[in-house]
Amino acid sequence: MEERSMNDEHRERGSEAERGKEFRGVEARPRNWLVPVILLSLRDWNSYGYELMERAAKFGFEAMNPGTLYRTLRQMEKDGIVKSTWETSKGGPARRMYSITDAGRAYLDFWAKSLEQYQQMMDTFFRMYTGRPMRDREDEEKRGGREER
């Protein structure tokens with residue numbers, strides 16, 4: 001039976017700064033987050049690529065490569081969740097205008113429900129992390145699923 005002291009364990013893992021470097025690559029958003037962000041942006045009005053990039057920045061895509069956005073839009077169009085048309089105006093070049101399809105709305109609804117469950121798990125995580133008391137389902141339902149602040 002081998003016991004190690006906290007000092008031995010700390011030396012093996014290194015300093016706080018070194019450990020922090022290991023975790024810099026941790027994603028703070030769900031995988032494929034760009035797709036629901038685009039769908040949400042298109043839900044209320046049609047848009048073109050540059051405008052979608054500006055809206056995506058509000059969701060953590062500040063430094064996104066335009067190629068990433070356009071590849072994603074092309075794949076979304078192949079999947080049938082968005083469609084596009086060429087819009088021509090007298091004052092400038094033609095540009096592709098994107099809109100959400102019925103399948104895209106259904107996909108967005110699926111994401112919203114999944115994110116709601118994810119949010120509940122994150123709320124539980126942070127309640128435990130910060131030492132706040134856990135709430136039971138009955139309390140949540142009485143409040144309409146909303147957390148008091």
Side-chain angles (χ1 to χ4, degrees), residues 3-87 95-149:
E3 285 189 33
R4 297 185 331 189
S5 72
M6 290 298 287
N7 287 335
D8 291 341
E9 194 173 315
H10 180 73
R11 266 188 245 116
E12 284 181 18
R13 283 194 256 156
S15 70
E16 289 290 326
E18 288 171 349
R19 283 197 315 270
K21 289 177 187 176
E22 295 172 22
F23 300 117
R24 284 192 185 135
V26 173
E27 264 308 305
R29 58 184 175 223
R31 196 172 174 96
N32 299 322
W33 180 231
L34 183 57
V35 172
V37 165
I38 291 170
L39 291 173
L40 182 61
S41 296
L42 293 173
R43 183 182 65 176
D44 295 327
W45 55 83
N46 300 343
S47 191
Y48 55 95
Y50 180 77
E51 191 173 63
L52 289 169
M53 278 190 64
E54 288 178 338
R55 291 185 194 157
K58 295 175 186 172
F59 291 89
F61 293 99
E62 299 89 6
M64 179 174 40
N65 179 326
T68 299
L69 174 74
Y70 288 106
R71 278 189 301 278
T72 301
L73 284 165
R74 279 194 300 277
Q75 185 59 53
M76 291 171 71
E77 196 164 11
K78 285 179 185 176
D79 293 341
I81 58 177
V82 299
K83 61 183 177 180
S84 68
T85 57
W86 283 101
E87 182 182 270
R95 58 186 176 183
R96 201 174 276 273
M97 185 65 70
Y98 293 91
S99 59
I100 191 170
T101 64
D102 288 341
R105 288 181 196 283
Y107 190 78
L108 181 58
D109 289 345
F110 170 78
W111 259 91
K113 288 176 183 142
S114 296
L115 287 172
E116 189 173 32
Q117 292 173 349
Y118 185 70
Q119 181 178 13
Q120 290 171 359
M121 288 188 301
M122 293 299 100
D123 289 346
T124 299
F125 174 87
F126 282 106
R127 276 195 298 271
M128 290 177 70
Y129 181 76
T130 59
R132 288 184 286 151
M134 298 299 291
R135 293 202 175 117
D136 61 15
R137 288 218 181 263
E138 286 181 26
D139 287 344
E140 292 289 324
E141 288 171 8
K142 286 177 187 173
R143 292 183 184 92
R146 293 204 172 102
E147 192 168 319
E148 293 178 357
R149 301 215 184 247

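Residue numbers run from 1 in the order of the sequence given.
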Distance (rounded to the nearest 0.5 Å) between [X] [atom1] and [Y] [atom2]:
X: Q120; Y: L115; atom1: CD; atom2: CG; value: 11.5 Å
X: R43; Y: I100; atom1: CZ; atom2: CD1; value: 8.0 Å
X: T124; Y: M128; atom1: OG1; atom2: CE; value: 8.5 Å
X: Y98; Y: S47; atom1: OH; atom2: OG; value: 10.0 Å

Does atom CZ of F110 have more than 12 heavy-atom neighbours, drawn from other residues, nucleotides or ligands, at distances under 6.0 Å? no

Of all heavy-atom pairs between [X] and [Y], which one has the smallest distance, and what is that distance?
X: Y70; Y: Y50; result: OH-N, 3.5 Å
X: Y48; Y: R96; result: CB-O, 3.3 Å
X: G80; Y: A103; result: O-CB, 3.6 Å

So, using side chain to side chain donor-acceptor pair (under 3.5 Å) as the criterion, who are the partners of Y129 when residues are at least two apart? none

Report the residues that fulfil side chain to side chain donor-acceptor pair (under 3.5 Å) with R74, sequence neighbours left out, ordered by chain and then residue number. none

Contact list for residues 99-108, test side chain to side chain donor-acceptor pair (under 3.5 Å), sequence neighbours left out: Y107-W111

Quick one: are I81 and I38 in side-chain contact, heavy atoms under 4.5 Å? no

Answer whether the closest heavy-atom distance between the side chains of Q75 and V35 falls below 4.5 Å. no

For [X], which residues count as a side chain to side chain contact (heavy atoms under 4.5 Å, CB included) partner, sequence neighbours excluded?
X: S41; value: L52, R55
X: M122; value: Y118
X: T68; value: L34, M64, N65, R71, T72

If you look only at pairs with a residue in residues 76-87, which of them pass as a salt bridge (charged side-chain N to carboxylate O under 4.0 Å, His left out), with sequence neighbours excluded? E87-R95

